[in-house]
Visitor: 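I'd like to ask some things about the structure below.
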Amino acid sequence: MATVPGEFRFGNFLASIIWIILIVIVLVTLVILPVIFIVLFYLPLPPVNGEILTPYLFLSEVVDPTRTLPIIKFLIHTTPFKVIVFPGFVFAAIIAAATIFVERKFLAKMQLRVGPLYAGVWGVGEGILQLAADGLKVISKEILIPSGADRPIFWAAPIAFVATAAAVTALIPVAPGWVVSNTNVGLIAVFAILGFFPLIALLFSWASNSKYPFIGGLRALHQMIAFEIPFILSALSVVILAGSLNLTEIALAQHHIWFILFLPISAFVFFISSLAELERVPFDLPEAESEIVAGWLTETSGMIYGLIQLGSYLKVYALAALFVILFLGGWSGPLLFPPQLGPPSINTAPTIEKMLTLQGFYNHLTVNATFWFLLKTVVIIMLMILPRGINPRIRIDILLHTGWYKLIVLAFVNMFVALALVYAGVLGPGGSLSVH
Amino acid sequence: MSSQAYQNNNSNTHYIINFEHKRNTTEISSTPTVRTISSSGSSTTTLRTKVSEPPAFEKGIANEISANFGQMVQVIFIKPLRIKIAVEPHNIVKVASFLRDKFGYDHAESVAGTDYPKENQIEVIYHLGSYTRDDLAGHVLSLATRTNRDDARLPTLINVYKSAEYHERETFEMLGVYFEGHPRNERFLLPEDWADIPPLRKEFRIKGR
Amino acid sequence: MADLEERINESQKLGMQIIKESDDDRLMTLSVGPQHPGSGHFRFVVKVDGDYIVHCDPDPGYVHRGEEKMTEYRNFIQNIPHLERPVIHDSTNITYSYSLAVEELTGIEVPRRGQFIRAIASEINREIYTLYWLAIYGIFLGHSTMFMWPTGDRELFIDLLEALSGARVTHAFNIPGGVRNDIPNGFKDRCLRQIGYFEKRLKEYEDIFYNNPLVRQRTEGVGILTKEDAIRLGVTGSVLRASGVPYDIRKAEPYDVYNEIDFKVQYMKTADSFARAYVPFLDMRESCHILRQLLDKMPESGEVRAKLQSNPRGPPGEAYRRVESGRGALGYYIISDGSPKPYRVKISVGSFRNMLALPHLLVGAKMGDMPVIYWALNYWPVEADR
Amino acid sequence: MFKDLINPTHFNVLVGKLGDTLIKALDKPLGYAINWGRIWSLWPVHLETACCSVEFGAASGPRYDVERFGIIEAFGSLRQCDLIVVQGTVTRKMAPRLRMVYDQMPDPKYVIAMGACAITGGLYVDSYNVLPGVDGIIPVDVYVPGCPPRPETLIQGTMLLQEKIKVSKIR
């Protein structure tokens with residue numbers, strides 16, 4: 001409801017418009033242009049299709065469309081882009097944000113209600129901006145640090161939480177070439193990083209210096225340690241079949257037959273222990289509301305809470321993607337996308353049409369791989385959201401009992417099946433069914 | 001039952017409750033029966049008729065109690081499903097354990113304290129019910145005692161009826177009746193910093209009235 | 001050991017005071033306070049040794065509003081609105097025994113149709129209360145769907161009572177002398193339709209909650225209240241019936257029209273938290289059955305309310321009447337001294353009596369069992385504090 | 001809109017509206033966005049003071065579903081919450097706890113006094129243990145009358161609070 005300001009005069013209105021135009025001119029000339037020049041003149045620019053990219057060439061190419069595409073293609077393949085945008089943080093953050101929104105709507109529909117509705121009312125859809133609203137509010141809230149709290153750890157732990165979650169996403173290959181770090185020991189690196197989480201939970205709860213977080217932190221520690229071993233054992237049987245630790249090779253090994261057909265039990269064990277790692281509902285003990293007031297998150301307020309929530313949903317994406325790579329064959333799937341977007345035209349098509357069909361830029365294999373990878377990850381994420389609607393929280397000793405006794409045994413069972421397959425020569429290195 | 005008068009020959013205090021209501025004269029155990037719940041058909045309710053003969057079953061229980069305790073127990077009234085007996089404070093524990101063991105009144109439903117400033121007395125009534133005996137299922141026996149209002153002290157019935165623990169504690173807080181032997185005669189429902197007199201006493205006026 | 005002694009006396013010389021590590025240092029005292037999501041308006045201090053609860057001390061009184069004192073300043077009819085506030089979602093039952101006691105004192109006789117409508121309203125209110133209790137029990141177990149489904153179905157019952165009395169929860173419908181007004185036409189088949197739908201929904205509750213293995217794992221064998229303990233502690237209602245004592249006031253001391261209804265008292269013998277959670281569920285199913293009988297036995301026409309003089313009063317005397325509310329036997333002990341205002345009203349509620357079982361059950365239980373045991377006692381703090 | 005142009009007296013009002021939206025949208029874009037964020041994600045603290053909590057539970061149920069407005073009720077710790085709904089009577093024993101909860105909450109916090117007892121002591125104004133109205137201990141933003149207020153009234157109360165936040169200055 002716009003209220004008419006008291007003493008409004010037309011002159012003020014005009015003055016404010018001129019004032020704004022002035023600010024824009026000043027900003028552009030004094031800030032933006034110098035930055036561009038510095039980037040162009042000081043940073044060594046890479047050669048693009050044969051010629052050294054001089055600043056002037058770059059500026060002229062910005063105008064000529066046929067040249068912009070190769071530059072973009074070049075920029076995309078550099079590592080900073082991979083780390084920040086595609087298979088790295090922003091991609092995972094977008095999926096994490098989508099997971100939060102979908103979870104609230106999905107849960108609401110399961111509970112016969114509507115879920116966030118009015119947040120994005122400008123015709124954008126029925127609640128799509130709810131996440132933006134939560135984010136903005138959480139950013140703008142005051143951060144309360146309890147009096148006896150250990151200040152440095154209190155600040156470091158949430159940042160470390162998000163960092164480790166992002167680190168896990170960095171190791172996950174989304175498409176054949178698209179992985180941040182294609183190390184040969186990819187799987188072990190993932191488990192090493194996942195080992196950080198209980199440490200961070202305990203450090204943070206210890207630093208917040210109050211009773212309920214302390215209990216929550218201990219529970220987080222017990223829970224994650226108890227479920228680390230079946231987690232690794234179930235992945236071990238995949239390594240036996242795939243014959244290598246490198247995640248890309250594991251995904252490639254399942255080109256014909258996904259490992260879930262051979263290792264259903266260890267897939268189940270992997271899924272259950274990833275639920276426990278993520279503290280999802282059946283294993284929601286570290287932040288059990290009705291027992292220990294939001295567990296180790298009790299003292300988090302404002303942005304610290306925001307960071308931890310972002311980190312935990314990044315972890316949801318990371319572990320879902322890990323499940324997809326280990327058991328559902330990563331990005332293997334029927335080819336759905338045409339080799340070129342446009343008609344099979346000759347090279348001399350006008351530049352605009354070439355640009356529209358993303359001539360030098362569109363690679364149908366990558367797009368197809370990413371599509372299938374995303375499809376499977378979304379399915380797994382929905383599976384991870386489902387138990388929150390139908391299951392209660394279990395008690396800490398039942399949790400530890402299932403972790404130590406039941407899941408480890410199950411993980412072993414499937415390992416024998418894997419070994420039998422390898423010795424029978426069906427799969428594994430040199431096996432009849434295996435890829436190479 | 002307008003004004004009850006029951007005497008207690010060993011202590012010379014007379015327990016006479018006389019309300020201003022002067023209508024009917026003192027009767028020891030007149031039992032105005034309001035409603036006879038007949039099991040058949042509609043429940044006929046007789047309006048305030050004086051039924052001289054109280055129901056047999058309750059009469060039997062009351063007689064057995066008074067036979068066993070003679071003068072110590074005073075039967076106030078016997079109504080269908082309700083018996084009220086009055087006991088001296090110092091032998092209430094004996095009567096209570098007798099009731100529990102002999103008759104199977106195994107739990108105390110509630111402890112109601114009432115303040116009679118005119119007689120300078122506080123009456124505490126234990127409503128005893130029975131879960132074990134089926135024929136006693138609907139019955140409630142009110143065990144009443146009276147204590148002086150100024151230093152109200154009563155022996156606790158916790159050892160006989162564990163279920164009366166919180167009720168007695170609340171009566172202490174609300175009426176100031178100190179229960180000897182009760183482990184925790186202290187603040188229960190009222191705020192910690194309650195400095196006023198026990199609120200359910202008649203001279204405690206609530207604001208504005 | 002010698003140097004330890006030496007160091008101790010030496011430090012005492014310096015004025016330092018060393019306390020030997022007693023039991024208390026190992027225990028951590030937690031206040032499950034009025035703000036804790038695991039305990040509504042109620043606080044209990046819990047001493048925890050690791051994951052086991054060693055000592056529990058309930059501290060009610062956060063919603064003590066002095067109902068009993070206020071009854072002495074209002075006449076019989078004026079007490080109805082504020083006497084139903086302790087359990088606004090079971091308001092017909094909590095004022096039911098008050099009306100019965102006042103009728104016994106003042107000698108009013110309730111017409112037959114009024115008694116039937118009163119019984120119908122109290123059964124619907126029992127459903128509303130139990131559904132709210134079940135919803136909170138779900139959220140205490142972390143089962144958020146189990147909060148939403150009963151709360152949703154409860155709205156339909158609230159519509160029924162809203163048609164009856166005009167208000168969503170605080171009906172003030174049950175007054176000494178009968179019922180405030182007659183039922184609207186079409187109420188009967190609307191009620192039957194709702195009961196039919198509800199019985200199908202009860203089946204679904206069983207599938208998602210009661211037969212859910214995780215819920216079973218979490219509640220079975222937790223907080224065993226043996227039959228002798230239940231009787232000794234004097235608990236009442238579903239807590240008592242879950243320990244194997246088939247005691248229901250509607251059967252033991254039938255009031256109004258309940259002696260014409262044949263229904264079975266639902267009870268279980270396993271005496272653990274699951275039994276205490278399942279008995280209210282069986283009660284809900286049984287009260288659907290009762291509602292059907294009430295609806296077709298109700299006389300078609302007739303008065304619903306006895307003619308009352310302006311300020312009903314009766315000869316001095318006392319009355320103690322009880323009713324089976326959602327939380328067990330709910331009794332009113334009213335002493336009248338002949339004036340229209342009651343001389344003393346003592347409300348004996350089920351929650352206050354069940355509270356005694358809380359420390360008894362929590363000692364020795366695990367931290368995770370705390371909400372499971374606490375809310376299975378069918379405890380509504382607002383009513384316990386009165 | 002066009003009709004205003006013709007009538008000169010309304011010209012100033014039209015321009016006023018334009019100027020106002022312009023100033024608000026541009027001068028404080030960030031503030032406007034943050035206010036918008038706070039409006040659509042009010043997280044109430046889990047504090048039940050008395051019998052109105054039944055109606056607050058019904059409000060977060062499927063039929064009235066306050067989560068449409070971004071109000072999620074199941075928050076454990078009060079560090080993450082920014083809205084206290086005083087659900088009913090505040091007794092003298094609950095008052096210090098209520099004040100303590102209010103102080104523990106992070107800064108942009110709002111209070112809705114729900115029910116007649118929270119506003120003025122309502123039905124229990126003459127009881128010896130009840131505060132006549134909660135304004136004495138915590139500053140109240142929105143009063144929601146009723147005993148208990150229907151969930152629709154509660155939602156209207158939250159919408160009033162949202163209007164209040166929309167025009168409030170960014171602290």
Side-chain angles (χ1 to χ4, degrees), chain A residues 1-6 8-10 12-13 16-17 20 104 107-108 111-121 126-127 129-144 146 208 212-213 216 287-295 297-302 304-306 309, chain D residues 11-27 30-43 46 60-82 103-109 159 162-163 165-167 170-171:
Chain A
M1 46 185 187
T3 52
V4 179
F8 170 78
R9 270 186 305 285
F10 187 66
N12 293 5
F13 172 60
S16 63
I17 289 183
I20 287 155
R104 282 180 62 173
L107 214 58
Q111 295 166 355
L112 301 177
R113 55 191 176 85
V114 172
L117 188 64
Y118 294 112
V121 82
E126 53 173 42
L129 293 184
Q130 176 63 43
L131 188 79
D134 286 350
L136 271 175
K137 188 210 80 167
V138 157
I139 288 169
S140 64
K141 261 185 100 62
E142 171 203 5
I143 294 175
L144 285 178
S208 47
Y212 281 121
E287 314 120 20
E289 269 115 27
S290 57
E291 290 141 26
I292 38 170
V293 189
L297 292 178
T298 317
E299 294 301 338
T300 60
S301 65
I304 295 178
Y305 178 74
Q309 278 298 336
Chain D
F11 182 70
N12 256 341
V13 168
L14 159 73
V15 168
K17 280 207 182 77
L18 255 179
D20 169 66
T21 43
L22 199 68
I23 286 171
K24 184 194 293 181
L26 290 182
D27 258 5
L30 191 63
Y32 192 75
I34 286 184
N35 267 352
W36 175 82
R38 284 186 186 150
I39 284 169
W40 293 116
S41 85
L42 289 163
W43 292 344
H46 190 98
S60 42
R63 172 178 274 190
Y64 295 101
D65 193 10
V66 281
E67 211 201 334
R68 290 174 297 149
F69 298 88
I71 298 169
I72 316 168
E73 207 256 337
F75 260 92
S77 149
L78 47 89
R79 286 277 194 273
Q80 296 124 20
C81 303
D82 50 19
D103 295 341
Q104 300 271 347
M105 288 169 64
D107 200 22
K109 45 196 171 194
M159 286 161 84
Q162 285 173 347
E163 289 309 316
I165 297 171
K166 206 177 279 184
V167 294
I170 307 302
R171 267 196 306 278

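Since the model is a prediction, treat every value here as computed from it, not as a measurement. In the text below, chain A, chain B and the rest are named by the order of the sequence lines, each starting its count at 1.
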Visitor: Say whether A:S301 and A:E142, considering side chains only, have a donor N or O and an acceptor N or O under 3.5 Å apart.
Guide: no

Visitor: Any idea which of A:R113, A:Q111, A:R104 has the most non-hydrogen atom pairs under 4.5 angstrom with chain D?
Guide: A:R113

Visitor: Any sub-3.5 Å donor-acceptor pair from D:D65's side-chain atoms to A:G115's backbone N or O?
Guide: yes

Visitor: Under a 4.0 Å N-O cut-off, is there an ion pair linking D:D82 with A:K137?
Guide: yes

Visitor: Counting heavy-atom pairs under 4.5 Å with chain D, which one of A:D134, A:V138, A:V114 comes out on top?
Guide: A:D134

Visitor: Which answer fits A:E299, side chain, backbone, both or neither, if we ask what part of it has an atom under 4.5 Å from a heavy atom of chain D?
Guide: both

Visitor: Stepwise, does the side-chain hydrogen bond (donor to acceptor under 3.5 Å, both in side chains) test hold for A:Q130 with D:S41?
Guide: CA-CA 8 Å; A:Q130 176 63 43; D:S41 85; 5.3 Å; no

Visitor: Taking every non-hydrogen pair under 4.5 Å, which of A:L297, A:I292, A:L144 racks up the most with chain D?
Guide: A:L144

